[in-house]
Visitor: 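Input: one structure, supplied below.
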Amino acid sequence: MLLPAQKPIPNIPETNLPKLVIVGGGFGGLKLARKLIKGPYQVILLDKNNYHQFQPLFYQVATAGLEPSAISFPLRKIFHDTPNSIFRMAEVHSFDSKIKRLYSDIGYIDYDYLVLAMGADTNYFGNQSIEYNSSPMKTVSEALYIRNKIISNYERAINIEKQEDRKSLMNVVIVGGGPTGVELAGAMAELRNNVFPKDYPELNFSNMKVVLIEAGPKLLGAMSEESQDHSLRYLQKLGVEVMLDTKVQDYDGEQVKLEGKESISTHTLLWAAGIKPNFIDGLTKEHFAPNGRIYVDEMNRVVGEKDIFVLGDVALLREEKYPKGHPQVAQVAMQQAENLAKNLINLTKGREMEPFHYKDLGSMATVGRKLAVVDLPFIKFQGLMAWLTWLFVHLMAILGVKNKMFIFMDWAWNYLSFDPSLRLLIKPKYVKASERKELIEEK
């Protein structure tokens, strides 16, 4: 009996168009697929989820500001009435470039061109204890898990008699001083300052610590010095304990052990300290950089390969301005996808491909209500105007009119009432062993 991976993926329509297979429905993969709708290729998009996730707003799901459906968009909806574009929910594990065949858990598919846009996962830097005990936030499911965990901790804490015994349940420690860590810390501090005391009046939230730990000397290392300084002041104003130049050694589920400093008691360690590219089997060691990214040329084509391209967090293209590769952010992936879409169309017309050059459009991070920092190529600003800019940019980037409306209404309500209403502890139903692969996300 043949295993699923040994059979072709069924129900793929026959066509004379060249077959373009895209692995990953993130910012890069989805942008490319949308650019080639009704184009000169049969586009087959594969992703382990049947929805696109808007990662910049995961922290708002984790802190009960938005519901998961507001930042997720069904991939199949994008391909309504597009006969040349197909979506399949599948986990891809390997490919064979010699016979141009891609293998997944639902079968194999032959391709003319392959695009790898698998994104990145959490990097624990080899510490298995931290990986097992901490909570990452790279998917909607993980963000929802964090929301449940935090609410569950306070429901438990309110039933504990002694104040000292409650502290570890109430404290929240966040590791990583990039945009995700800063935004999480600010949102958690605002919940502690304004919302949780109303939900749990019996608890003393002045004893609750929100701690942000960063191994480097500054927060938001990729942003300007003005933004770094303002973000630190904003967090401190909100009551966040910021620990710079501090390395986390270990975490056992109750104690965060720090290098050269006193340990912190907490049941909630949120890990936002780094990312690593998702791996696919099919290339040699020479194709991979030490950090796991794949070397590509200026066309985003795998070095030494003719018909395999890489987008986003997985790609490593060295330019004079970016000797270590481009930053692993959504803008890079989307610009690469746009350039590759033009090049793939040029290929069918016999034209030359155009090299990719990243144009930095700026970066931003929100720290709390009315508090944000924005770095644009021509101006840098902070405070209320930066916060409104951040709101507008993220609202416009969300897929779907319905999602935009939901988020706008949620933000408007949260701003006016300062009391998000999504603090629901919805526990997942027990799933039978025979159904776990289909219904549970693996860690």
Side-chain angles (χ1 to χ4, degrees), residues 49 51-73 121-122 132-159 166 168-176 179-200 203 205 208-212 238 240 251 253 266-273 366-369 394 398 403 406-407 409-411 413-415 417-431 439-443:
N49 299 308
Y51 53 88
H52 170 75
Q53 309 176 85
F54 192 74
Q55 293 188 22
L57 294 181
F58 282 170
Y59 84 95
Q60 292 210 4
V61 173
T63 54
L66 290 173
E67 54 188 310
S69 60
I71 63 165
S72 308
F73 192 86
D121 203 354
T122 306
Y132 182 79
N133 291 299
S134 68
S135 300
M137 198 179 64
K138 293 299 294 179
T139 67
V140 171
S141 297
E142 289 174 348
L144 189 56
Y145 172 81
I146 290 172
R147 189 185 87 179
N148 280 351
K149 181 180 178 67
I150 291 169
I151 296 170
S152 175
N153 283 349
Y154 295 124
E155 296 293 348
R156 290 166 60 196
I158 205 167
N159 292 315
R166 296 196 295 257
S168 62
L169 279 171
M170 295 175 68
N171 292 341
V172 174
V173 178
I174 300 152
V175 182
T180 299
V182 167
E183 290 169 346
L184 256 177
M188 279 305 309
E190 290 196 320
L191 282 176
R192 176 197 60 190
N193 298 344
N194 302 288
V195 179
F196 286 153
K198 292 184 285 187
D199 280 356
Y200 307 98
L203 298 178
F205 281 91
M208 173 189 168
K209 287 184 178 181
V210 177
V211 184
L212 177 60
L238 289 170
V240 177
Y251 177 58
T266 182
H267 282 228
T268 307
L269 179 67
L270 308 182
W271 190 262
T366 180
V367 185
R369 195 173 70 149
H394 284 75
I398 286 282
N403 294 51
F406 279 157
I407 290 176
M409 288 187 292
D410 278 340
W411 281 346
W413 175 256
N414 292 346
Y415 179 79
S417 70
F418 221 158
D419 190 7
S421 57
L422 297 172
R423 298 182 302 282
L424 310 176
L425 178 55
I426 302 175
K427 298 179 181 179
K429 175 181 168 58
Y430 173 79
V431 179
L439 299 176
I440 294 182
E441 180 178 84
E442 291 185 9
K443 187 172 180 180

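Computed from a predicted model, the values in this text were never measured in an experiment.
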Visitor: Measure the spacing between CG of Asn148 and CG of Asn153 and express it to the nearest 0.5 Å.
Guide: 10.5 Å

Visitor: Using every non-hydrogen atom in the two residues, find where Pro136 and Thr122 come nearest and quote the distance to one decimal.
Guide: CB-OG1, 3.3 Å

Visitor: Should Thr266 and Tyr251 count as side-chain neighbours, where that means a heavy-atom distance under 4.5 Å?
Guide: yes

Visitor: Would you check if Val140 and Ile71 make a side-chain contact, meaning some heavy-atom pair closer than 4.5 Å?
Guide: yes

Visitor: Side-chain contact test, heavy atoms from C-beta onward, threshold under 4.5 Å: evaluate it for Ile398 versus Leu57 and give yes or no.
Guide: yes

Visitor: Sub-3.5 Å donor-acceptor pair from the side chain of Glu142 to the main-chain atoms of Lys138, do we have one?
Guide: yes

Visitor: I need the minimum non-hydrogen distance between Ile150 and Phe196, along with the two atoms involved.
Guide: CG2-CZ, 4.1 Å

Visitor: Rounded to the nearest 0.5 Å, how far apart are CE of Met208 and CG of Asn171?
Guide: 7.5 Å

Visitor: Report yes if some heavy atom in the side chain of Met137 is under 4.5 Å from a heavy atom in the side chain of Leu270; otherwise report no.
Guide: no

Visitor: Quick check: are there more than 12 heavy atoms from other residues, nucleotides or ligands sitting under 6.0 Å from OH of Tyr145?
Guide: no

Visitor: Looking at Arg156 and Leu169, would you say the former's side chain and the latter's main chain have a donor-acceptor pair under 3.5 Å?
Guide: no

Visitor: For Leu238 and Arg192, what are the C-alpha separation, side-chain angles and deciding distance, and is it a side-chain contact (heavy atoms from CB on, under 4.5 Å)?
Guide: CA-CA 10 Å; Leu238 289 170; Arg192 176 197 60 190; 5.7 Å; no

Visitor: Hey, could you give me the CG/OG distance between Asn49 and Ser72, rounded to the nearest 0.5 Å?
Guide: 9.0 Å

Visitor: Taking the side chain as every heavy atom from C-beta outward, state whether Val173 and Lys209 have any pair of such atoms under 4.5 Å apart.
Guide: no

Visitor: With no hydrogens and no angle check, is any side-chain donor or acceptor of Gln60 less than 3.5 Å from a backbone partner on Leu66?
Guide: no

Visitor: Can you tell me how far CD1 of Ile151 sits from CD1 of Ile146, rounded to the nearest 0.5 angstrom?
Guide: 12.0 Å

Visitor: Should we count NZ of Lys149 as having more than 12 external heavy atoms under 6.0 Å?
Guide: yes

Visitor: Would you name the heavy atoms of Thr366 and Glu183 that are closest together and state the gap between them?
Guide: O-CG, 2.9 Å

Visitor: Of all the heavy-atom pairs spanning Lys198 and Asn194, show the shortest one and how long it is.
Guide: CE-O, 3.0 Å

Visitor: Check whether any side-chain heavy atom of Glu155 lies under 4.5 Å from a side-chain heavy atom of Tyr200, and answer yes or no.
Guide: yes

Visitor: How close do Met170 and Tyr154 get, counting heavy atoms only, and between which atoms?
Guide: O-OH, 2.9 Å

Visitor: Please answer whether the main-chain N or O of Arg369 pairs with a side-chain N or O of Glu190 as donor and acceptor at a distance below 3.5 Å.
Guide: yes

Visitor: So which heavy atom on Leu212 is nearest to which on Gly181, and how close?
Guide: CD1-O, 3.8 Å

